[in-house]
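First comes the structure, then the notes that go with it.
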Protein chains: 2
Amino acid sequence: MAQRDDSVGIIQQELTAFARRARATAARMHPELSLVSYTLLAHLEDQKGCRATDLAAHYLLDKSTVSRQISALERLGFVERRVDPDDHRVQVLHPTELGAQVLASAGAQRRQAFTDRLADWDDADLERFAAYLLRYNEAQQCLG
Amino acid sequence: MAQRDDSVGIIQQELTAFARRARATAARMHPELSLVSYTLLAHLEDQKGCRATDLAAHYLLDKSTVSRQISALERLGFVERRVDPDDHRVQVLHPTELGAQVLASAGAQRRQAFTDRLADWDDADLERFAAYLLRYNEAQQCLG
DNA sequence: CAATTCGGGTTGTACTATGCAACGAACAGG
DNA sequence: CCTGTTCGTTGCATAGTACAACCCGAATTG
């Protein structure tokens, strides 16, 4: 049991340390797209467009926060709003061509940074690490 | 190689998703100690006291940010400053008794949340996951 | 149809976290 | 001493965030 507790403690500590540095790391990697903007824009691309309310629900953010983030992204020309013809309250958000490019570029930089950092890992370890993270985050989703 | 790239991509995505939620999660778990305050205070306890500059270097923060965070923690009575007798520029920071209690309480809540979330993992998986996270973060340190 | 409620977004306000630049204080070496 | 370096604080600016109050359009209901 002590061994198990140790493992949990390390996992807690190391994930916390990572989270603590993530924002600054993102800012250094791609200054043009903050971690928040990156995740919102990536979600829009994944979902092939969605509403501001959906983003708020998915990232546990207040709708006002999302509204401002989207305004900023629109000002930068990274997202565009399309009013839903069936319900004029709703704006369906999509990345613009430019937004998609910037997102791809930031994504490539993130990917490269991770590739470098994991360069000396062997394939089997990488695969298991990826599987563990997936499993961990799936469990987290369920807690709301 | 494709398999390897997939693994890297998943690791990038899942760590990003975790980071994105960490702040809000911490706020829900222990409202009296934000993620930032928690990590700084925890580091002080781990290191049995250290300088503001050390905290800044470790967490990639500006020294002014650390200065203000420490001021806030001092105002709350969670840390105390001891001027180094050998160098009057330096303040060695320590958690107070109260700070240690609050830290222990927040730590217990974090620990419990992780224990719950990892309840159905077997010991060997936990140990390997912990080892992977340690290895990952060690590599990150070196890039600083 | 009119009135009410509901859902999606925006805006006002306030607060926290953060960085950069300018500074002050103290040490270190000539 | 004078100069450069290190540690920390403070002034200023900015981003991210929440909450509450609001507006607008849609749905419901009497």
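In what follows, chains carry the letters A, B, and so on, assigned in the order in which the sequence lines appear, proteins first and then strands, with residues in each chain numbered from 1. FYI, side chains are in, hydrogens and waters are out, and symmetry mates aren't considered; it's all heavy atoms of this structure.
- Following rounding to the nearest Å, B/L55 (CG) and D/dG8 (C1') show an atom-to-atom distance of 13 Å.
- Of the two residues contacting DNA chain D, namely A/R89 and B/I70, the nearest-nucleotide position lying further toward the 5' end is that of B/I70.
- In this structure, B/T53 reaches the sugar-phosphate backbone alone: every heavy-atom distance under 4.0 Å involves primed, P, OP1 or OP2 atoms, never a base.
- Atom P of nucleotide C/dG7 and atom CG of A/D54 are separated by 14 Å, given to the nearest angstrom.
- Spacing between atom CG of B/L73 and atom C1' of C/dT16 amounts to 13 Å, rounded to whole angstrom units.
- If you measure from atom CZ of B/R21 to atom P of D/dG16, you get 19 Å, rounded to the nearest angstrom.
- D/dC19 atom C1' lies 14 Å from atom CG of A/L61, rounded to whole Å.
- For the pair B/D84 CG and D/dC7 C1', the computed distance is 11 Å after rounding to whole Å.
- Using a 4.5 Å heavy-atom cutoff, the side chains of B/F18 and A/L133 are not in contact.
- For A/S67, whose side chain is taken as the heavy atoms from C-beta onward, the closest listed nucleotide among D/dT10, D/dC7, C/dT10 is C/dT10.
- Protein atom CG of A/L93 is 14 Å distant from nucleotide atom C1' of C/dT10, rounded to whole Å.
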_Test log, rule side-chain contact (heavy atoms from CB on, under 4.5 Å), inputs B/D87 and B/V90_ = CA-CA 6 Å; B/D87 183 342; B/V90 172; 3.8 Å; yes

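- The side-chain tip of B/R135 does not point at the ring of B/Y132 from less than 6.0 angstrom away and within 45° of straight on.
- A close approach under 4.0 Å does not occur between any side-chain nitrogen or oxygen of A/R28 and OP1 or OP2 of C/dT18.
- Backbone-only engagement by A/D87 is indicated by non-hydrogen atom pairs under 4.0 Å involving sugar-phosphate atoms exclusively.
- Counting only N and O atoms by type, the side chains of B/Q12 and A/R110 include a donor and acceptor under 3.5 Å apart.
- Between D/dG16 and A/S34, a contact under 4.0 Å exists linking OP1 or OP2 to a side-chain N or O.
- Between D/dG16 and B/R20, no contact under 4.0 Å exists linking OP1 or OP2 to a side-chain N or O.
- Listed for the A/D54 side chain is a donor-acceptor partner under 3.5 Å among the backbone atoms of A/R51.
- An OP1 or OP2 oxygen of C/dG8 is reached within less than 4.0 angstrom by a side-chain nitrogen or oxygen of A/R51.
- Among the heavy atoms of the strands lying under 4.0 Å from B/R68 is at least one base atom, whether or not backbone atoms are also near.
- In the set C/dA22, C/dG8, C/dG19, C/dA22 carries the atom at the smallest distance from any side-chain atom of B/K63.
- Between A/Y136 and B/W121, the ring center distance fails the sub-6.0 Å criterion.
- Sequence order on DNA chain C of the closest nucleotides to B/R23 and A/V90 puts A/V90 first from the 5' end.
- Following rounding to the nearest Å, A/D86 (CG) and D/dG25 (P) show an atom-to-atom distance of 16 Å.
- Residue A/Q91 places none of its side-chain N or O atoms closer than 4.0 Å to OP1 or OP2 of C/dG9.
- Applying the 4.0 Å criterion to OP1 and OP2 of D/dA18, one finds that A/T65 has a side-chain N or O inside that range.
- Residue order along DNA chain C, read from the 5' end via each residue's closest nucleotide, puts A/S64 first among A/S64 and A/A24.
- Considering only side-chain N and O atoms, B/Q69 lies nowhere under 4.0 angstrom from the phosphate OP1 or OP2 of C/dT16.
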